[in-house]
Protein chains: 2
Amino acid sequence: MNDKPANSRAGWKQDPAGVRKNILAVAMEEFAANGLSGARIDEIAAKTSTSKRMIYYYFGDKEGLYGHVLEEAYRQVRTGEQELELDHLPPVEALKLLAEFTFDHHSRHPDFIRLVMIENIHDGAYLEQSELIRLLNAGAIQKLEAICRRGRDAGLFRDDVAPLELHWHISALSFFNVSNRATFSRIFGNTLFSPEGQRTLKEHLVEMVVGLALKPDRRSRR
Amino acid sequence: MNDKPANSRAGWKQDPAGVRKNILAVAMEEFAANGLSGARIDEIAAKTSTSKRMIYYYFGDKEGLYGHVLEEAYRQVRTGEQELELDHLPPVEALKLLAEFTFDHHSRHPDFIRLVMIENIHDGAYLEQSELIRLLNAGAIQKLEAICRRGRDAGLFRDDVAPLELHWHISALSFFNVSNRATFSRIFGNTLFSPEGQRTLKEHLVEMVVGLALKPDRRSRR
DNA sequence: TCTACTTTGTACCAACCGGTTAATTTCGTC
DNA sequence: GACGAAATTAACCGGTTGGTACAAAGTAGA
């Protein structure tokens with residue numbers, strides 16, 4: 001009984017940033033999968049390369065952890081978006097590309113979508129507390145505003161085209177495509193979620209959004 | 001110690017249907033507000049006019065209750081939809097009205113939307129178990145199919161117009177408008193959710209959906 | 001070397017919470 | 001009006017779970 005339980009403490013390095021990152025990554029999966037109340041701290045701790053104690057050491061409590069996860073998710077996604085370069089394209093092409101990119105981008109980040117769903121269940125209470133997120137998002141429609149300005153100046157877009165509304169439409173279709181896939185496909189089948197189905201949806205999203213932005217007499221009739 | 005704790009049992013009536021209904025109504029609010037894992041059975045029981053034991057008596061366990069709530073929510077909403085009468089309208093008008101109705105209908109039933117969000121968080125696992133729901137929904141696109149058939153026959157709609165896809169677009173915009181209101185408005189403000197904002201969104205939803213259904217040469221240029 | 005920060009491990013707790021036991025009342029019906 | 005099934009009540013239980021206490025040791029920079 002006196003055989004020491006192995007001094008597993010020997011040989012570890014300090015890496016606060018790494019530990020935090022590791023915890024956040026695991027917690028993001030768990031919260032995205034099970035929601036705020038559904039996620040289990042013990043479960044998160046177990047999947048971490050560190051211990052439960054460290055979670056509380058760095059994030060205080062469960063809600064604190066959730067808040068940081070939410071921030072991290074927004075940061076990742078918005079950072080990815082910023083890589084899109086549109087200024088060199090004519091307005092219509094830029095708008096098309098932005099819509100297509102958003103559709104694909106959301107599709108590639110289902111965990112982010114799920115976290116936003118969860119946050120909406122909580123009426124955005126945690127998002128409210130984060131200035132960072134609001135900053136990140138404020139920049140999210142700047143691209144769209146630039147496109148609209150150029151489109152109007154070129155006489156292509158409606159005078160009353162509203163960047164925020166375009167963003168809403170693009171977001172809605174791109175978001176719904178991920179958020180409601182489970183129920184929609186269980187009820188109506190998978191056709192819309194096959195590669196061809198997705199291609200069609202994306203194509204029509206672009207068609208509709210561009211149609212909404214363009215002046216009526218500028219709409220080509222394919 | 002022998003003073004009976006008040007015979008509060010005296011004077012109650014048997015009313016199974018009423019009790020079930022009462023429980024379901026309360027549970028729907030609680031689940032919609034807090035999710036499956038977030039809702040508390042004790043809390044539901046307290047807000048009920050009956051006791052916790054009756055919940056288990058009628059619904060087995062928490063998941064059973066949730067499943068019944070989900071079914072009831074679908075039943076209520078789909079029943080409301082069926083009152084819409086479209087056969088007497090020309091196809092384009094019928095499509096417009098259906099889209100507008102759906103937008104308003106979703107807006108009027110936020111609890112239903114929230115339950116569907118929650119169900120999607122659970123990957124539609126409980127919806128899967130309900131034949132009733134699938135039956136109810138199967139009928140949901142019949143209206144749209146009828147409209148499309150008439151529209152095609154009249155030479156107004158594209159030959160390849162897809163009722164299911166139209167349903168997807170209408171649902172997406174109408175659903176997102178409720179489901180993501182919290183996060184969207186906290187980030188971008190309330191403009192789109194004011195009465196005028198909502199009117200505009202609805203109008204443009206109709207414009208886009210009709211535009212998608214119509215043959216290009218049938219699109220009037222307003 | 002001093003000191004603050006970081007990491008590990010284990011054991012523990014009190015509240016919460018889903019679910020149960022068991023007894024009692026109502027009510028149709030034979 | 002007795003009987004059994006259905007309906008209802010109140011008290012109770014035990015596992016789960018977020019969170020802590022405590023002790024100790026390794027690390028890094030000053």
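Proteins get letters first, then strands, A, B, ... in listed order; numbering begins at 1 in each.
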Is any side-chain heavy atom of A:V178 closer than 4.5 Å to a side-chain heavy atom of A:F112?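 No, too far: nothing below the 4.5 Å cut-off.
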
The single option from B:L135, B:T79, B:L115, B:L127 passing side-chain contact (heavy atoms from CB on, under 4.5 Å) against B:Y74: B:L127

Phosphate oxygens OP1/OP2 of [N]: is one of them under 4.0 Å from a side-chain N or O of [X]?
X	N	value
A:Y56	D:dT20	no
B:R40	C:dG18	yes
B:S51	D:dA10	no
B:T50	D:dT9	yes

If only side-chain N and O atoms count, and only distance matters, is there a donor-acceptor pair under 3.5 Å linking A:E165 with A:H169? yes

B:E196, CD: over 12 other non-hydrogen atoms inside 6.0 angstrom: yes

From C-beta outward on B:K62, which listed nucleotide comes closest to its side chain: D:dT17, C:dG18, D:dA7?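 The nucleotide sitting nearest to the side chain is C:dG18.
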
By nearest atom, which of the nucleotides C:dT8, D:dT9, D:dT17 is closest to the B:M54 side chain? D:dT9

Touch class at under 4.0 angstrom, heavy-atom based, for B:Y58 against every strand present: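 The residue B:Y58 makes sugar-phosphate contact but no base contact.
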
Over how many whole Å does the gap from [X] atom [atom1] to [N] atom [atom2] extend?
X	N	atom1	atom2	value
A:K52	D:dT20	NZ	C1'	9 Å
B:R53	C:dG18	CZ	C1'	12 Å
A:Y57	C:dT6	OH	P	4 Å

Assess whether one donor atom and one acceptor atom, taken from the side chain of A:R20 and the base of C:dT6, lie less than 3.5 Å apart.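 No, the side chain and the base share no sub-3.5 Å donor-acceptor pair.
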
